[in-house]
There are 2 protein chains.
Amino acid sequence: MARTTIKDIARIAGVSVTTVSRALNDAPEIRPETRERILRICREQGFRINYLARSLVSSRTHVLGVVLPDLSGPFHAALSLHLERYARERGYQILLCCGRPGDDRIDDLFAFLVSQRVDGILLVSASSAAQELLPSRAQGIPSVLLGDVPPEASCRRINAVSTDNYVGGATAAAYLHRLGHRQVLYLGPRRDSVTHALRLQGFLDTAAAWQMEAQVVYNDLGAASSAANGYRLARQMLAGDFPQTAVFAPSDAMALGVLQAADELGVSVPGRLSLLGYDDIEYAALPKIRLSTLAQPTGALARSAVQLLLELVEEDAPPSYTLKLITPRLVERSSCRSLLPAGR
Amino acid sequence: MARTTIKDIARIAGVSVTTVSRALNDAPEIRPETRERILRICREQGFRINYLARSLVSSRTHVLGVVLPDLSGPFHAALSLHLERYARERGYQILLCCGRPGDDRIDDLFAFLVSQRVDGILLVSASSAAQELLPSRAQGIPSVLLGDVPPEASCRRINAVSTDNYVGGATAAAYLHRLGHRQVLYLGPRRDSVTHALRLQGFLDTAAAWQMEAQVVYNDLGAASSAANGYRLARQMLAGDFPQTAVFAPSDAMALGVLQAADELGVSVPGRLSLLGYDDIEYAALPKIRLSTLAQPTGALARSAVQLLLELVEEDAPPSYTLKLITPRLVERSSCRSLLPAGR
DNA sequence: CCTTTTTCTGCAAACGTTTCCGGCTCCTAT
DNA sequence: ATAGGAGCCGGAAACGTTTGCAGAAAAAGG
């Protein structure tokens, strides 16, 4: 119950609490031999310093709050893994909070993080509503957006790192055009997601430039871009006749759902329908799947985000706002078929 | 920088800090109208109570430490999602720590959790080494094991909830036997995992009872039972001739790796080789995969685990030790083929 | 109207650290 | 010899809460 404290150690070592504190923080004004002696006693007693008390006075918790929509998707899972690693390398701990975007809970989450006195906040794939909320609720806590950045970001005094969603969408359209597709379907972007809005914009702009016919079906089913939603959407789109020869999905998870629906409805992929995903999750590479997709480099994203956030936390430099865009990479597997004559 | 404190609120409201504190904790000895007035002022000022200070004096953080090997596997991801939900329902926060099992870091993790003064510890899928370490390092913090329980658990004064791995392994063997398989391969259990040891035991006992020939190939590749490891293991096992007609993998992720290897090597599943997984992750249900597997009910596991842990944390009942086993469920899809004549 | 109880509020001591400042000892340079 | 400094250590205030205890005001009982 009553754990051993610095005071106990001080008593045993016959020194003051100040000295013990200095030993623990290896301050310069302590004689090496006393330090060693104290540290030895700490080990013997199994002493563990109380972060609560320490943080209370130093007003630094070395904790970074990460709020993301959910962990079920492989993209976010991979991302959080990398975030944790880079944070740890820099001596910080991650506090993971899951709040569905647009949810009321997002407000409680910010309150919670403030109460926890986190040193910084990382807002991942947030709805625009959540993004609006952030500045007013963060109470001066440094924060950076990750993976979901409004186009006017740099004007809005915001720090962010993201993949270049516009380019991602554009690349997708260009790729499908290059394969000879002229009628394409964009299946499943969310209306409230800035990421999806940009991706859609890039896709549509490029499609228009190449004079492709593009239809878009929004995902209003709530929840994330899960396989289940992709399945439901595809079920109803692919049921009858449809003119498109290719579909672009805003996440691999969703694409997998589309794949399932197509399979059940007997439309062959990529025979009748080419399928292009986004994210490059682990399972996209599976032999029976082999989903072509646009890879988001989660490692690079996480690294940049942590790096940027910690700059804000640790430096007391004059405020500056940076927006870092990382370009997605097209990975070709076999879910997209070329419609052009083989000879080219 | 300087955030608003209880003292500020007290000054504005013209009351003492004590009264403000009582308003925030809705203590019974406060007049409802003063409480309302104070709460209103708190809202107006955007006041957020400092959990650090509160926890320091109350010696309750309402934080549960969860340590698990990693988050990349879908099973652990799903589990942590449920853990977070149930904990939140009870007013607790999850502090997620990833440490590969058997790693030196596990020791640091315990120290970290003690320093954070978490109210309880949930040790998920831990190596036996980590389990040994726990009691000595937990410093009296209540803790429960989840998903990886040594057979002598109840003797060892330990709280745990787990799927019944022995039964799981036994069910797998019995199922394969029922389909007519006589030569089977158990591909990829880890030597240092209690889970895998039990599952293996159940598998081997049952195989022996039915006079099947069972070979086991351990996973000494380090890291988790990932798809990558399954792939590597299967690559070398399936390269030449092999007598087995079925393989049992200790996780779906691993099974997916096996699937990939089989595909590349041209051995048909389930034509030449039946494949049985474990976990029932989301992607096992995919149309082109349709992996037969033993489902671990992550929801039930998580619920029981936080339930048990919070009993220990909140009650000051006499110490008791409970071990809860949840039976895995066989879900048949189409990765296992019957070798028996169709009539039957 | 005076006591007794009840209801509400405030004072001050904790909780376990860090850190400013001041003091002691011993060394070095004048 | 003595001043000045460097190196090491301790006292005490602070961080923002909770809580036991006591006091004041109001209500209840005679």
Side-chain angles (χ1 to χ4, degrees), chain A residues 1-39 41-42 45-63 111-112 114-119 139-141, chain B residues 1-39 41-42 45-63 111-112 114-119 139:
Chain A
M1 190 108 299
R3 242 173 281 279
T4 121
T5 77
I6 275 197
K7 203 180 292 182
D8 300 319
I9 303 292
R11 191 167 28 73
I12 297 179
V15 296
S16 74
V17 291
T18 308
T19 306
V20 177
S21 173
R22 285 205 252 261
L24 292 172
N25 300 324
D26 49 69
E29 351 52 334
I30 196 178
R31 204 178 349 158
E33 52 211 65
T34 15
R35 195 218 332 268
E36 290 317 320
R37 188 164 56 88
I38 292 178
L39 291 185
I41 296 182
C42 287
Q45 303 290 321
F47 167 75
R48 284 289 143 203
I49 204 169
N50 188 329
Y51 284 171
L52 296 168
R54 172 190 291 211
S55 295
L56 181 57
V57 22
S58 69
S59 56
R60 287 316 212 81
T61 53
H62 277 248
V63 172
F112 172 76
V114 173
S115 279
Q116 288 281 359
R117 297 297 191 265
V118 295
D119 287 344
Q139 307 227 6
I141 297 179
Chain B
M1 190 107 303
R3 239 173 285 278
T4 121
T5 75
I6 273 196
K7 203 180 292 181
D8 300 318
I9 302 293
R11 191 167 28 73
I12 297 177
V15 295
S16 74
V17 292
T18 308
T19 306
V20 177
S21 171
R22 287 203 250 260
L24 292 171
N25 301 324
D26 50 70
E29 349 55 330
I30 196 177
R31 204 179 346 160
E33 54 212 61
T34 16
R35 194 219 332 269
E36 290 318 318
R37 187 164 54 88
I38 291 178
L39 291 184
I41 296 182
C42 287
Q45 302 292 320
F47 167 75
R48 285 288 144 204
I49 203 169
N50 188 328
Y51 285 172
L52 295 168
R54 176 195 290 228
S55 294
L56 181 57
V57 20
S58 69
S59 57
R60 285 314 215 79
T61 53
H62 278 249
V63 172
F112 172 77
V114 173
S115 279
Q116 289 280 2
R117 298 298 190 263
V118 296
D119 287 344
Q139 305 229 11

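Convention: sequence-line order gives letters A, B, ...; per-chain numbering from 1.
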>> Set out, in order, the CA-CA distance, both residues' side-chain angles and the distance that settles side-chain hydrogen bond (donor to acceptor under 3.5 Å, both in side chains) for A:Thr19 and A:Ser16, then state yes or no.
In response: CA-CA 5 Å; A:Thr19 306; A:Ser16 74; 3.2 Å; yes
>> Using salt bridge (charged side-chain N to carboxylate O under 4.0 Å, His left out), reason through B:Asp119 and B:Arg60 one step at a time and then give a plain yes or no.
In response: CA-CA 6 Å; B:Asp119 287 344; B:Arg60 285 314 215 79; 3.8 Å; yes
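With sequence neighbours excluded, the residues that form a side-chain contact (heavy atoms from CB on, under 4.5 Å) with B:Val17 are B:Ile6, B:Lys7, B:Ala10. Applying the salt bridge (charged side-chain N to carboxylate O under 4.0 Å, His left out) test to B:Arg37 and every residue at least two apart in sequence or in another chain returns nothing. Every residue meeting the side-chain contact (heavy atoms from CB on, under 4.5 Å) condition with B:Glu29, not counting sequence neighbours, appears here in chain and number order: B:Arg22, B:Ala27.
One end of the helix from C:dC1-D:dG30 to C:dT30-D:dA1 points its axis 50° away from the other end's axis, with each axis taken from 5 pairs and the angle rounded to 10°.
Under the 3.5 Å distance criterion, the side-chain polar atoms of A:Thr34 are matched with a main-chain donor or acceptor of A:Arg31. Under the 3.5 Å distance criterion, the side-chain polar atoms of A:Asp8 are matched with a main-chain donor or acceptor of A:Thr5. B:Ser115 places no side-chain N or O within donor-acceptor distance of the main-chain N or O of A:Asn50, the cut-off being under 3.5 Å.
Atom CD1 of residue A:Ile141 and atom CD of residue A:Gln116 lie 10.5 Å apart, to the nearest 0.5 angstrom.
If you walk DNA chain C from 5' to 3' and mark each nucleotide with an atom closer than 4.0 Å to a heavy atom of chain A, the marks span C:dG16 to C:dT19.
In terms of position along DNA chain C, the nucleotide closest to B:Gly14 lies nearer the 5' end than the nucleotide closest to the other residue of the pair B:Gly14 and A:Leu56.
At the heavy-atom level, A:Ile49 lies under 4.0 Å from the strands shown only through sugar-phosphate atoms. Using a 4.0 Å heavy-atom distance criterion, B:Thr34 is classed as a sugar-phosphate-only contact.
B:Leu39 pairs with exactly one of B:Leu24, B:Asp26, B:Val20 by the side-chain contact (heavy atoms from CB on, under 4.5 Å) rule, that one being B:Leu24.
Taking a 4.0 Å limit (strictly below) on heavy-atom distances, residues 17-31 of chain A reaches DNA chain C at A:Thr18, A:Ser21, A:Asn25.
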